[in-house]
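Below is one structure; the comments refer to it alone.
Only heavy atoms go into these numbers, but all of them, side chains included; no hydrogens, no water, no symmetry mates. Sequence lines set the chain letters: A, B, ... in the order given, protein chains first and strands last, and positions in each chain run from 1. In this text the structure is predicted, and so the values were computed from the model without any measurement.
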Number of protein chains: 2
Amino acid sequence: MAARAPRGFGQAGGVARTVERVGERWALLIVRDLLAGARRYSDLKAGLPRIPTNILSDRLKELQQAGIIRRVPTVRGGYELTPLGRQLEPVILALERWGWAAPGEPAEGEVLTADALAVTLRAAFRGEVAAGFPPTEYVIHTGETSVSAVVDAGTLDVMDVGPDALPQPQRRVAIPPPADVLEFRVERERLSELLSGDTPPLDVETGDRGLVDRFRRTFRFDAAPGEDVTADASVA
Amino acid sequence: MAARAPRGFGQAGGVARTVERVGERWALLIVRDLLAGARRYSDLKAGLPRIPTNILSDRLKELQQAGIIRRVPTVRGGYELTPLGRQLEPVILALERWGWAAPGEPAEGEVLTADALAVTLRAAFRGEVAAGFPPTEYVIHTGETSVSAVVDAGTLDVMDVGPDALPQPQRRVAIPPPADVLEFRVERERLSELLSGDTPPLDVETGDRGLVDRFRRTFRFDAAPGEDVTADASVA
DNA sequence: CGGGATCCCAAGCGATACTG
DNA sequence: CAGTATCGCTTGGGATCCCG
């Protein structure tokens with residue numbers, strides 16, 4: 001007996017506990033996508049094109065047992081985060097921020113889905129700054145992905161508006177569409193620059209160009225003040 | 001050619017990028033321990049008793065190539081975080097917080113090392129609250145582990161004071177030892193309660209019992225206000 | 001002696017095929 | 001559409017061995 005905790009880390013700290021539950025391959029990406037709302041099996045699979053279906057199936061089972069996700073009874077194949085799972089949001093946002101700050105080329109053939117972009121925007125969102133602006137809607141096109149980000153009084157709501165977007169569950173709060181709307185397209189490779197406060201070329205399709213600056217203040221990954229990001233990755 | 005990005009996620013978002021770099025098994029625990037300061041190969045191995053030596057070796061190489069850690073030239077077998085690696089601190093702290101908030105038994109046979117406990121205390125630390133108290137030193141014994149946490153004007157410094165603690169590099173700031181000192185022992189299973197604002201039995205060895213309350217205000221995982229943590233993990 | 005490298009086996013992962 | 005089943009390959013685990 002005493003199965004010696006097979007495949008555990010043998011560690012009692014919080015990091016070890018968390019990694020044991022969501023550290024398996026693909027698990028955090030599933031959580032990321034579910035952070036945007038309930039999704040069906042096929043939605044998850046479409047958002048994670050390279051996940052093998054058996055792995056998706058395994059992870060969904062494991063995450064359920066860990067109390068992180070649950071099935072949506074009313075939707076066949078539907079899954080959503082539990083309250084415990086939603087508490088992983090700070091983890092996801094911290095991972096998202098570091099990922100954009102880390103150097104390295106984007107690598108071709110990668111997809112940036114609407115759910116991923118929604119998390120990106122939430123990670124870059126500065127509520128305090130945004131609270132100083134009138135309600136604004138930003139429609140962002142990049143690669144094959146299109147999302148709408150509605151900013152109102154320090155709150156942010158992102159939704160997929162792409163060609164194959166699912167019908168959205170009604171908005172949480174029924175707000176009138178903002179008067180200020182900026183719609184633009186930016187290259188995927190330039191998104192990082194845009195969110196770092198840089199001014200890459202972007203193609204404004206609708207709205208006042210002056211709103212671009214508002215966007216750049218509202219969504220911004222702050223290079224930690226006083227901390228140098230550039231690290232020497234060259235190794236013998 | 002075009003090696004088809006073997007074993008990548010095929011995702012462009014920040015979460016995917018981060019998980020690709022530090023998502024391998026054990027990697028984040030290595031980063032966690034290095035967050036406490038530079039460590040040698042044997043220190044890391046001792047702090048991670050269940051890691052196979054080849055895996056430790058592999059991870060150290062990978063983390064170096066990712067620019068997250070580097071060798072300490074002056075210390076044989078020494079490793080430390082790069083500035084980029086130190087930027088993972090928010091990630092580690094977020095993981096630590098979720099891990100303590102998640103339900104589940106501690107599981108026996110697990111170790112809680114000094115480096116892990118240091119991260120726990122940093123994750124639970126409330127600088128704003130602490131700033132209101134006079135400088136205080138807390139010496140905490142739990143299980144086999146003993147650390148000293150010096151709190152001064154909203155800053156926290158944790159160091160190993162266990163029987164086999166390494167000789168500490170000199171304190172960052174040469175401060176006089178605080179007048180207020182609390183030394184206590186708490187069972188490992190009760191640590192979670194203590195850091196949740198509960199009042200489990202603890203054995204005060206030195207200092208005024210009134211300082212216990214100061215400790216409880218200084219180190220505290222906040223149950224996110226208005227968010228219910230308890231989730232139903234029971235599954236068919 | 002500490003700091004790794006090698007080996008072998010088991011477990012997890014990935015691709016594809018298949019079923020309710 | 002929502003998964004299971006199967007199979008080959010890759011990775012991790014554990015013990016041992018080697019090197020400076």
Seminar exercise, completed: Dot-bracket assigned to DNA chain C with the 3.5 Å Watson-Crick/G-U criterion, [ ] for crossing and | for other-strand pairs, is |||||||||||||||||||.

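With rounding to whole Å, B:E24 atom CD is found 11 Å from D:dT10 atom C1'. Atom CD1 of B:I55 is separated from atom P of C:dA5 by 12 Å (rounded to the nearest Å). In this structure, A:D43 places its CG atom 11 Å from C1' of D:dC1, rounding to the nearest Å. Straight-line distance from the CD1 atom of A:I69 to the P atom of D:dA2: 14 Å, rounded to whole Å. For the pair B:Y79 OH and C:dG2 P, the computed distance is 16 Å after rounding to whole Å. Following rounding to the nearest Å, A:R50 (CZ) and C:dG14 (C1') show an atom-to-atom distance of 11 Å. Atom-to-atom, NZ of A:K45 to C1' of D:dC1 comes out at 10 Å; the value is rounded to the nearest Å. Between A:N54 atom CG and C:dT16 atom P there is a gap of 12 Å when expressed in whole angstrom units.
Annotation: cation-pi pair B:R25/A:F9 present, NZ/CZ under 6.0 Å from the ring centroid and within 45° of its normal.
B:T53 comes within 4.0 angstrom of a nucleotide base, judged by non-hydrogen atoms across all strands. Among the protein residues, A:R76 comes within range of the nucleic acid bases, having at least one heavy atom under 4.0 Å from a base atom.
Here the closest heavy-atom approach between residue B:T113 and residue B:T145 is recorded as C-CG2, 3.7 Å.
When side chains are defined from C-beta on, B:R21 does not count as touching B:E62, because their heavy atoms never get closer than 4.5 Å. A:E193 has its side chain out of reach of A:S196: every pair of non-hydrogen atoms, C-beta onward, lies at least 4.5 Å apart. Side-chain contact between B:H141 and B:E183 is present, with heavy atoms from C-beta onward closer than 4.5 Å. No side-chain heavy atom of B:L88 sits under 4.5 Å from any side-chain heavy atom of B:L35.
In this structure, the nucleotide among C:dG2, D:dA2, D:dG13 sitting nearest to the side chain of B:S42 is C:dG2. For A:W26, the listed nucleotide lying nearest its side chain is C:dG14; candidates were D:dG12, C:dG3, C:dG14.
Between B:Y138 and B:F219, the two ring planes are perpendicular [angle over 60°; tilted spans 30° to 60°].
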